[in-house]
A.B. asks: 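There's a structure below that I have some questions on.
Just so it is clear: chains get the letters A, B, ... in the order the sequence lines come, proteins before strands, and each one is counted from 1. Computed from a predicted model, the values in this text were never measured in an experiment.
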There are 2 protein chains.
Amino acid sequence: MIHCEKHNHCISTAIKHGEEICNEKGLKFTAIRRKVLELVWESHKPAKAYDILEKLAKEDGAPVPPTVYRALDFLLQNGLVHRLNSLNAFVGCSHPGLHKQCYFLICTHCEEVTECCTNQLGKAIGVSAKENSFTTESVSLEILGSCKTCSA
Amino acid sequence: MIHCEKHNHCISTAIKHGEEICNEKGLKFTAIRRKVLELVWESHKPAKAYDILEKLAKEDGAPVPPTVYRALDFLLQNGLVHRLNSLNAFVGCSHPGLHKQCYFLICTHCEEVTECCTNQLGKAIGVSAKENSFTTESVSLEILGSCKTCSA
DNA sequence: TAAGATATGTTATATTATATCATTTAAATT
DNA sequence: AATTTAAATGATATAATATAACATATCTTA
Ligand SMILES: [Zn+2]
Ligand SMILES: [Zn+2]
Ligand SMILES: [Zn+2]
Ligand SMILES: [Zn+2]
């Protein structure tokens with residue numbers, strides 16, 4: 001379990017990052033994009049696209065899948081959220097712009113996701129790629145298991 | 001590009017592994033399971049469930065999705081194939097039974113997949129998990145990029 | 001204002017995967 | 001061998017995830 005005494009703070013920080021990054025890059029942090037980012041950040045658990053869609057529906061008329069997927073793509077593209085391939089789900093990036101390669105500890109009990117970026121691991125991956133004369137473009141590393149709270 | 005001079009040999013070895021593993025465990029290497037394993041091994045590229053389904057259809061009447069997914073689940077369960085989460089696809093395991101943790105180099109150009117299992121990387125993951133008091137159950141590591149042939 | 005680019009709306013459909021229940025086949029038990 | 005049980009497969013339906021394609025609106029900037 002992630003200890004965030006004030007999760008509202010997690011959310012507002014994430015939104016601020018969104019604004020900053022869009023400003024820097026001259027992109028538009030539109031209402032939909034903002035709202036989807038908020039919904040992804042509703043918790044530290046993975047958010048499913050169609051769950052986001054439902055929540056969006058409660059506020060904004062009748063959104064459709066492309067609306068959500070477009071927003072998610074935008075957020076992914078700009079490093080504001082990550083996609084968890086093993087779950088077909090999304091989590092907010094905990095430190096947008098500050099890392100190149102990160103990975104995820106996903107608790108299969110409480111479902112919470114911790115984003116990590118040890119340099120060590122990145123280095124090990126680099127070495128391994130080199131050994132295979134492989135040029136790395138992107139890395140997807142997801143570790144499933146029990147978090148501290150849940151395995152205690 | 002993977003150099004397998006005789007890919008038939010890859011296939012027959014994979015099938016032999018299937019037979020052996022099922023014998024050892026007292027499981028049935030049924031006709032469907034064998035056929036799906038062969039189809040997964042048709043190349044070193046990721047195989048999609050519905051492509052396998054189509055190929056199966058050309059030989060065996062009118063199979064339906066559950067048929068393929070059941071066979072794939074069985075093969076996954078018994079370490080004969082791996083699922084590539086980032087591609088929703090499957091590859092044959094290149095050394096069934098001989099490793100615990102492996103990862104994949106996936107060439108985005110020729111699509112070929114190389115299965116690796118450096119101990120070093122496994123160790124690095126272990127260290128990182130420990131630092132987070134995380135108990136690892138399974139790891140999904142997929143590296144996208146260019147293979148030797150394709151980046152040359 | 002007009003032209004171009006970006007974002008969103010809208011409809012339809014593609015792709016991936018599972019639930020459920022019936023039937024068959026194989027194995028174990030009597 | 002017949003009976004019971006378990007495992008595998010058949011069959012139908014549907015769930016869950018994601019994208020294509022084209023129309024419209026909004027925002028830029030020339
Ligand atoms: Zn929080
Ligand atoms: Zn947990
Ligand atoms: Zn081969
Ligand atoms: Zn290649």
Side-chain angles (χ1 to χ4, degrees), chain A residues 18-19 21-40 45-57 59-78 80-91 111 140 142, chain B residues 18-19 21-40 45-57 59-78 80-91 111 140 142:
Chain A
E19 285 167 351
I21 284 175
C22 287
N23 278 341
E24 283 168 22
K25 300 192 186 180
L27 301 170
K28 293 177 213 164
F29 197 50
T30 63
I32 290 178
R33 290 166 178 174
R34 172 189 300 261
K35 190 66 208 171
V36 169
L37 185 56
E38 280 172 14
L39 290 172
V40 167
K45 300 177 185 178
K48 309 282 274 180
Y50 276 76
D51 289 344
I52 293 171
L53 184 63
E54 271 187 31
K55 286 169 186 164
L56 211 53
E59 313 188 15
D60 292 349
V64 285
T67 303
V68 168
Y69 280 102
R70 279 172 185 152
L72 286 171
D73 284 345
F74 175 87
L75 298 171
L76 280 171
Q77 217 61 46
N78 295 290
L80 292 162
V81 307
H82 294 291
R83 184 170 198 282
L84 300 176
N85 292 318
S86 60
L87 301 177
N88 292 336
F90 303 82
V91 282
E111 297 184 274
S140 163
E142 299 170 20
Chain B
E19 285 167 352
I21 284 175
C22 288
N23 277 341
E24 282 167 22
K25 299 192 185 178
L27 301 170
K28 292 177 214 163
F29 196 52
T30 64
I32 290 176
R33 290 166 179 174
R34 172 190 300 261
K35 191 66 208 171
V36 169
L37 185 56
E38 280 172 13
L39 290 171
V40 167
K45 300 177 185 178
K48 311 281 274 181
Y50 275 75
D51 289 344
I52 292 171
L53 184 63
E54 271 188 31
K55 286 170 188 167
L56 210 53
E59 313 189 15
D60 293 350
V64 285
T67 303
V68 168
Y69 280 102
R70 279 172 186 152
L72 286 171
D73 285 346
F74 175 88
L75 297 171
L76 281 170
Q77 217 61 45
N78 295 289
L80 291 163
V81 307
H82 296 291
R83 184 171 198 282
L84 301 176
N85 292 319
S86 61
L87 301 177
N88 294 336
F90 303 82
V91 281
E111 296 185 275
S140 164
E142 298 170 20

A.B. asks: Once you round it to whole Å, what is the distance between C1' of dT19(D) and CG of L72(A)?
C.D. replies: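 After rounding, the reported distance stands at 14 Å.
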A.B. asks: How many Å lie between CG on L75(A) and P on dA7(C), as a whole number?
C.D. replies: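 Taking atom P of dA7(C) as the reference, CG of L75(A) is at 12 Å.
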A.B. asks: Output the rounded distance in Å from CZ (R34(B)) to C1' (dT9(D)).
C.D. replies: 17 Å
A.B. asks: Taking only residues two or more places apart in sequence or in another chain, which ones pass side chain to side chain donor-acceptor pair (under 3.5 Å) with N78(A)?
C.D. replies: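 Listed in chain order: K25(A).
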A.B. asks: Using distance only, find each side-chain donor-acceptor pair of residues 47-57 of chain B under 3.5 Å and give its atom names and separation, not counting sequence neighbours.
C.D. replies:
{"unit_1": "K48(B)", "atom_1": "NZ", "unit_2": "L87(B)", "atom_2": "O", "d": "2.8"}
{"unit_1": "K55(B)", "atom_1": "NZ", "unit_2": "E42(B)", "atom_2": "OE1", "d": "2.7"}

A.B. asks: Using the 3.5 Å cut-off, write out each protein N or O paired with an N or O of nucleotides 10-17 of chain D and the distance between them.
C.D. replies:
{"unit_1": "dG10(D)", "atom_1": "N7", "unit_2": "R70(B)", "atom_2": "NH1", "d": "2.9"}
{"unit_1": "dG10(D)", "atom_1": "O6", "unit_2": "R70(B)", "atom_2": "NH2", "d": "2.6"}
{"unit_1": "dA11(D)", "atom_1": "N6", "unit_2": "R70(B)", "atom_2": "NH2", "d": "3.2"}
{"unit_1": "dT17(D)", "atom_1": "OP1", "unit_2": "K48(A)", "atom_2": "NZ", "d": "2.6"}

A.B. asks: Holding to salt bridge (Lys or Arg N to Asp or Glu O under 4.0 Å), I want the full list of residues that pass it with E24(A), two or more places apart in sequence or in another chain.
C.D. replies: none
A.B. asks: Suppose we screen for salt bridge (Lys or Arg N to Asp or Glu O under 4.0 Å). Which residues come up paired with E142(A), at least two apart in sequence or across chains?
C.D. replies: none
A.B. asks: Between the protein and nucleotides 4-8 of chain D, list the N/O to N/O atom pairs that are separated by less than 3.5 angstrom.
C.D. replies:
{"unit_1": "dA8(D)", "atom_1": "OP1", "unit_2": "R33(B)", "atom_2": "NH1", "d": "3.4"}

A.B. asks: To the nearest angstrom, how far is L53(B) atom CG from dT18(C) atom C1'?
C.D. replies: 14 Å
A.B. asks: Tell me every residue that passes salt bridge (Lys or Arg N to Asp or Glu O under 4.0 Å) with R34(B), counting only those two or more places apart in sequence or in another chain.
C.D. replies: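 Applying salt bridge (Lys or Arg N to Asp or Glu O under 4.0 Å) to R34(B) gives E19(B).
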A.B. asks: To the nearest angstrom, how far is I52(B) atom CD1 from dT16(C) atom P?
C.D. replies: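 Atom CD1 in I52(B) sits about 11 Å away from atom P in dT16(C).
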A.B. asks: What's the CG-P distance between D73(A) and dA20(D), to the nearest Å?
C.D. replies: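 In whole Å, dA20(D) P lies 10 Å from D73(A) CG.
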A.B. asks: Name all residues meeting the side chain to side chain donor-acceptor pair (under 3.5 Å) criterion together with Q77(B); count only those two or more places apart in sequence or in a different chain, and write none if there are none.
C.D. replies: none
A.B. asks: Who are the side chain to side chain donor-acceptor pair (under 3.5 Å) partners of N88(B), not counting sequence neighbours?
C.D. replies: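 Once residues adjacent in sequence are excluded, the partners of N88(B) under the side chain to side chain donor-acceptor pair (under 3.5 Å) criterion are R83(B).
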A.B. asks: May I have the distance from N85(B) (atom CG) to dT16(C) (atom P), rounded to whole angstrom?
C.D. replies: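 Answer to the nearest Å: 14 Å.
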A.B. asks: About how many Å separate CG of L72(A) and CG of L39(A), when rounded to the nearest 0.5 Å?
C.D. replies: 9.5 Å
